[in-house]
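For reference, the structure discussed in these notes is given below.
Chain letters run A, B, ... following the sequence lines, proteins first, then strands; residues in each count from 1.
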4 protein chains.
Amino acid sequence: MKENASADGGRRAPNPKRRSARAERAILDAASELIVEVGFARMTMEAIAARARVGKQTIYRWWPSKSAVVLDVFTHLTGEKAGQPLPDTGDVATDLKTVLRATVDEFTTPAMDRTARAFTAEIQHDTELAVQIGERLVSPGTEVYKERLRSAVDAGQVRADADLELAVELLTGPFQKRWLLRTAPLTHTYAEDLVDMVMCALRP
Amino acid sequence: MKENASADGGRRAPNPKRRSARAERAILDAASELIVEVGFARMTMEAIAARARVGKQTIYRWWPSKSAVVLDVFTHLTGEKAGQPLPDTGDVATDLKTVLRATVDEFTTPAMDRTARAFTAEIQHDTELAVQIGERLVSPGTEVYKERLRSAVDAGQVRADADLELAVELLTGPFQKRWLLRTAPLTHTYAEDLVDMVMCALRP
Amino acid sequence: MKENASADGGRRAPNPKRRSARAERAILDAASELIVEVGFARMTMEAIAARARVGKQTIYRWWPSKSAVVLDVFTHLTGEKAGQPLPDTGDVATDLKTVLRATVDEFTTPAMDRTARAFTAEIQHDTELAVQIGERLVSPGTEVYKERLRSAVDAGQVRADADLELAVELLTGPFQKRWLLRTAPLTHTYAEDLVDMVMCALRP
Amino acid sequence: MKENASADGGRRAPNPKRRSARAERAILDAASELIVEVGFARMTMEAIAARARVGKQTIYRWWPSKSAVVLDVFTHLTGEKAGQPLPDTGDVATDLKTVLRATVDEFTTPAMDRTARAFTAEIQHDTELAVQIGERLVSPGTEVYKERLRSAVDAGQVRADADLELAVELLTGPFQKRWLLRTAPLTHTYAEDLVDMVMCALRP
DNA sequence: TATTAATCGAGACGGTACGTCGCGTCTTGCC
DNA sequence: GGCAAGACGCGACGTACCGTCTCGATTAATA
């Protein structure tokens with residue numbers, strides 16, 4: 001039970017009820033713009049504060065690091081469709097193609113591209129952030145795929161003994177690799193070919 | 001009117017013939033150690049210079065950035081087996097498992113893990129470096145896989161109409177994703193399961 | 001379209017009201033000590049900052065150069081007696097001797113000697129500083145001499161038609177030359193002989 | 001008899017007979033130009049070497065420091081008239097005025113002005129140089145004045161009991177002070193007034 | 001006249017200090 | 001008490017020169 005506020009490093013917990021909504025929005029907007037304009041690495045806390053016309057302390061009061069700010073930006077970007085289940089028309093191949101094509105479109109926009117890259121880069125040396133990303137974005141993302149595949153198993157379109165965890169990796173891993181290493185462009189055709197190939201491995 | 005073309009101003013290219021082998025080795029060694037000890041992000045040019053007992057200018061003379069130094073470290077790490085063809089015992093599944101198990105072992109060592117992560121992070125906002133990495137490491141790495149798969153096609157173990165480029169991605173993409181996002185540990189069993197699953201998709 | 005006037009780029013003037021008195025004192029003290037210990041040329045901004053336990057930026061925020069810092073040190077050294085009028089016992093020769101003897105004593109202390117030398121050196125290639133020195137130290141210093149000589153004219157001890165500007169130079173120029181070029185030691189006797197000689201030229 | 005060349009610090013004395021006249025001239029010319037163009041402080045050994053199209057070692061082989069190079073430049077500038085006796089028309093006041101007017105002209109040229117300032121500055125923290133300057137320039141310079149004054153004593157134009165050392169200081173000190181501190185411009189009129197005033201003090 | 005060792009131009013080297021940038025913390029009024 | 005503003009101590013940046021140390025390529029005094 002922490003009661004001595006100044007004993008634990010002088011870090012008094014701020015009162016969220018008094019938080020300025022205006023400042024929060026301005027900070028997230030500024031960060032969002034800057035990450036697209038200059039990228040994560042060249043974006044500085046100082047620049048965020050300046051563009052948001054906000055004191056630096058106001059940022060540090062509510063977020064522990066630059067990554068944390070951008071995590072919030074990212075969450076807002078992808079937030080709405082986070083837990084959304086995948087479409088289920090009855091044909092798993094069609095549905096997966098629909099989803100992957102949409103993902104191609106998403107990762108082709110500069111905002112998403114740069115922000116996602118920034119994260120993938122950042123979690124390589126920020127374990128804390130990696131855990132958060134894993135829990136808030138990766139796991140839920142994987143789960144909706146697994147859910148759709150389970151439904152496909154029930155429909156007899158996927159082998160019952162298939163390792164679904166691995167199956168999801170087979171769908172998303174190549175996609176991510178191609179995007180990260182820029183080995184080849186992400187296209188709708190690619191999304192379809194990928195699903196076709198993976199379905200070969202999953203069909204009963 | 002004597003024109004002092006070389007008197008001041010711009011970056012005259014240094015003469016590689018005069019390069020100090022001693023300094024180069026010391027710098028690469030220092031960088032190699034530091035990347036393991038503190039990680040790429042916390043490793044500074046100043047620290048490399050200090051540990052290598054070298055002037056900072058000597059680093060900047062030969063490498064444009066920290067990334068470039070580490071690229072050389074990395075190249076030396078993986079260099080020897082760069083173009084090495086994959087084993088060919090006649091059974092493609094066995095051979096791929098052998099290779100992927102070895103890769104698991106490799107990416108489990110701190111030196112490789114940290115250096116590779118540093119790179120994957122860095123090439124997200126350093127396009128120049130991305131190109132170099134692509135040409136010097138990724139492409140050759142992919143090529144040896146494709147070569148082995150071509151041999152498997154000839155042996156009738158892989159469908160003749162399979163997209164080998166995609167096939168390689170199917171093997172390495174999931175692996176890379178699991179490693180990068182740390183969604184699950186890399187084990188020999190995983191390597192084997194992955195090969196088995198992919199072979200389902202590739203068999204005639 | 002929001003214009004980020006203050007976001008980046010140029011030198012925004014710092015607000016003197018927020019200036020840290022503690023830092024200012026520490027910097028001047030450190031500079032004062034260092035100039036005596038190692039001399040102006042070998043004194044570095046880095047050393048001042050380190051000794052004052054101050055960030056380099058804090059020095060550069062308030063002073064444009066090393067010279068400017070030392071100018072402040074010097075001003076504080078001589079500051080108190082800057083505008084002080086010369087003694088007036090009724091006998092101008094006696095009074096000038098008193099003053100010049102005191103000046104000999106002053107320029108014989110290491111602190112004054114080294115600081116004053118540093119300045120005389122520095123104003124040779126720092127015109128800005130030269131102007132400041134001229135206005136803040138040299139002119140006021142000359143003026144008090146002229147004032148005393150005017151009083152001597154009134155008392156009939158100095159010719160009414162004497163060029164007092166030149167008279168002051170006659171008193172201080174030889175003194176300064178001997179000190180600067182170290183042609184001979186500065187002594188009380190020298191001060192007295194100098195006054196005697198100059199008085200020959202000034203008496204009615 | 002020094003025979004073990006490498007024992008005394010590895011500094012083999014260079015053989016002046018093999019010295020390249022071309023290099024020496026080029027170095028002195030380059031230094032001479034640079035001191036006028038950028039001033040002593042901003043002139044670097046590197047720039048001298050570059051402009052003279054000479055290796056840095058060639059400079060360091062023959063001169064121990066930047067000051068030493070400029071000392072040679074200066075010596076060449078003033079060299080020819082170094083020990084030259086002052087004119088002696090029979091009237092000491094006239095002769096002194098002639099000389100001081102010439103000195104005014106000399107110190108009004110940029111080359112002389114900047115070089116002389118550089119020296120006066122430099123000898124404030126380079127004792128070695130100060131001694132050399134004293135012996136090679138200041139003392140001889142003073143001596144010719146004293147010689148002329150001695151002649152004036154013989155001619156009955158100057159008091160026999162006058163301290164000639166001090167008399168020379170009275171002539172040159174004010175001049176130097178005005179020049180160094182730029183308190184007022186150096187003019188022919190000033191030179192004449194100065195001589196007149198000093199003669200008041202020296203006449204029998 | 002040929003030899004040969006020192007000087008030459010060039011510039012890489014280990015260093016020190018520069019002046020700037022951005023960090024994360026601290027301080028000062030204002031609302 | 002949160003806020004905008006921004007000064008602070010600090011650490012690293014990338015650059016400029018320092019004075020020393022190789023490198024061939026002249027080059028000039030001897031053999």
Side-chain angles (χ1 to χ4, degrees), chain A residues 9-12 14-20 22-23 26 42-47 49-50 52-62 64-66, chain B residues 6 8 11-12 14-20 22-23 26 42 44-47 49-50 52-62 64-66, chain C residues 6 8 11-12 14-20 22-23 42-47 49-50 52-62 64-66, chain D residues 10-12 14-20 22-23 26 43-47 49-50 52-62 64-66:
Chain A
R11 222 33 329 112
R12 260 160 354 292
N15 181 353
K17 303 172 78 169
R18 312 202 60 168
R19 183 169 189 176
S20 157
R22 186 246 131 211
R42 271 189 296 280
M43 171 175 73
T44 68
M45 291 299 243
E46 222 127 65
R53 309 206 117 267
V54 140
K56 277 197 289 175
Q57 196 57 254
T58 302
I59 307 183
Y60 284 110
R61 186 154 27 233
W62 303 110
S65 66
K66 187 171 66 163
Chain B
S6 65
D8 64 357
R11 224 75 334 266
R12 253 160 359 290
N15 181 351
K17 302 174 80 166
R18 303 211 168 225
R19 183 166 188 177
S20 159
R22 188 246 132 209
R42 272 189 296 280
T44 67
M45 290 300 241
E46 218 132 64
R53 310 207 109 265
V54 141
K56 275 198 285 179
Q57 198 62 249
T58 300
I59 307 185
Y60 284 110
R61 182 152 32 229
W62 303 111
S65 66
K66 189 170 63 161
Chain C
S6 66
D8 62 358
R11 227 72 332 267
R12 252 157 5 289
N15 180 351
K17 303 174 79 170
R18 302 210 168 226
R19 182 168 190 176
S20 158
R22 187 246 133 209
R42 270 188 298 279
M43 171 174 75
T44 68
M45 290 299 240
E46 219 131 62
R53 310 207 107 262
V54 141
K56 274 197 287 178
Q57 197 62 233
T58 301
I59 307 184
Y60 285 112
R61 183 153 28 233
W62 303 111
S65 65
K66 189 169 66 162
Chain D
R11 227 26 335 110
R12 257 156 4 287
N15 180 354
K17 301 173 82 170
R18 312 203 60 167
R19 184 168 189 176
S20 156
R22 188 246 132 209
M43 172 175 72
T44 68
M45 290 300 242
E46 222 126 65
R53 310 204 119 268
V54 140
K56 278 198 287 175
Q57 197 58 255
T58 303
I59 307 184
Y60 285 110
R61 184 155 26 235
W62 304 109
S65 66
K66 187 169 66 162

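Minimum heavy-atom separation, D:Arg22 to D:Ala52: NH2-O, 3.0 Å. Across every non-hydrogen atom of C:Ala49 and C:Gly55, the tightest pair is CB-C, 4.3 Å. Listed here is the closest heavy atom pair of A:Met45 and A:Ser65: CE-C, 3.8 Å. Considering all non-hydrogen atoms of both residues, C:Ser20 and C:Ala23 come closest at OG-N, 3.0 Å. The shortest non-hydrogen separation linking D:Met43 to D:Lys66 is O-NZ, 2.9 Å.
Every residue two or more places apart in sequence or in another chain that forms a side chain to side chain donor-acceptor pair (under 3.5 Å) with B:Lys56 is listed here: B:Glu46. Residues satisfying the salt bridge (charged side-chain N to carboxylate O under 4.0 Å, His left out) criterion with D:Arg19, sequence neighbours excluded, are D:Glu24.
Picking from F:dA4, F:dA12, F:dC3 the nucleotide with the shortest atom distance to the side chain of A:Val54 gives F:dA4. Here the side chain of A:Thr44 is nearest to one of E:dG22, E:dG19, E:dT25, namely E:dG22. The side chain of A:Tyr60 approaches E:dT25 more closely than any other nucleotide in the set E:dT20, E:dT25, F:dC8.
In terms of position along DNA chain F, the nucleotide closest to C:Trp62 lies nearer the 5' end than the nucleotide closest to the other residue of the pair B:Lys66 and C:Trp62. DNA chain E is contacted by both B:Ala49 and D:Pro16; D:Pro16 maps to the nucleotide lying nearer its 5′ end (nearest heavy atom per residue). Toward the 5' end of DNA chain F, the nearer of the two residues B:Ala47 and C:Gly55, judged by each one's closest nucleotide, is C:Gly55.
Interface remark: the A:Lys56 side chain does not form any donor-acceptor pair with the F:dG6 base, using a distance-only criterion of under 3.5 Å.
When the P atom of F:dG6 is taken as reference, atom CD1 of A:Ile59 falls 15 Å away, rounded to whole Å. Computed from coordinates, the C:Arg19 CZ to E:dT28 C1' distance equals 17 Å when rounded to whole Å. Between the CZ atom of B:Arg53 and the P atom of E:dG14 there is a distance of 10 Å, given to the nearest Å. Across the protein-nucleic acid pair, D:Glu46 atom CD and F:dC17 atom P stand 7 Å apart, rounded to whole Å. Look at CG on C:Asn15: it is 14 Å from C1' on F:dC8, rounded to the nearest Å. Rounded to an integer number of Å, the gap from B:Met45 CE to F:dT15 C1' is 13 Å.
Counting any heavy atom pair closer than 4.0 Å across all strands shown, D:Arg22 reaches sugar-phosphate atoms only and no base atom. At a threshold of 4.0 angstrom between heavy atoms, the contacts of C:Lys17 with the nucleic acid are absent. Residue C:Arg61 is classed as a base contact, given a heavy-atom separation below 4.0 Å to a base.
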Protein-nucleotides 22-25 of chain F N/O pairs under 3.5 Å:
unit_1	atom_1	unit_2	atom_2	d
F:dT22	O2	B:Arg18	NH1	3.4
F:dC23	O2	B:Arg18	NH1	3.3
F:dC23	O2	B:Arg18	NH2	2.9

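Checking the phosphate oxygens (OP1, OP2) of F:dA4, a side-chain nitrogen or oxygen of A:Thr58 falls inside 4.0 Å.
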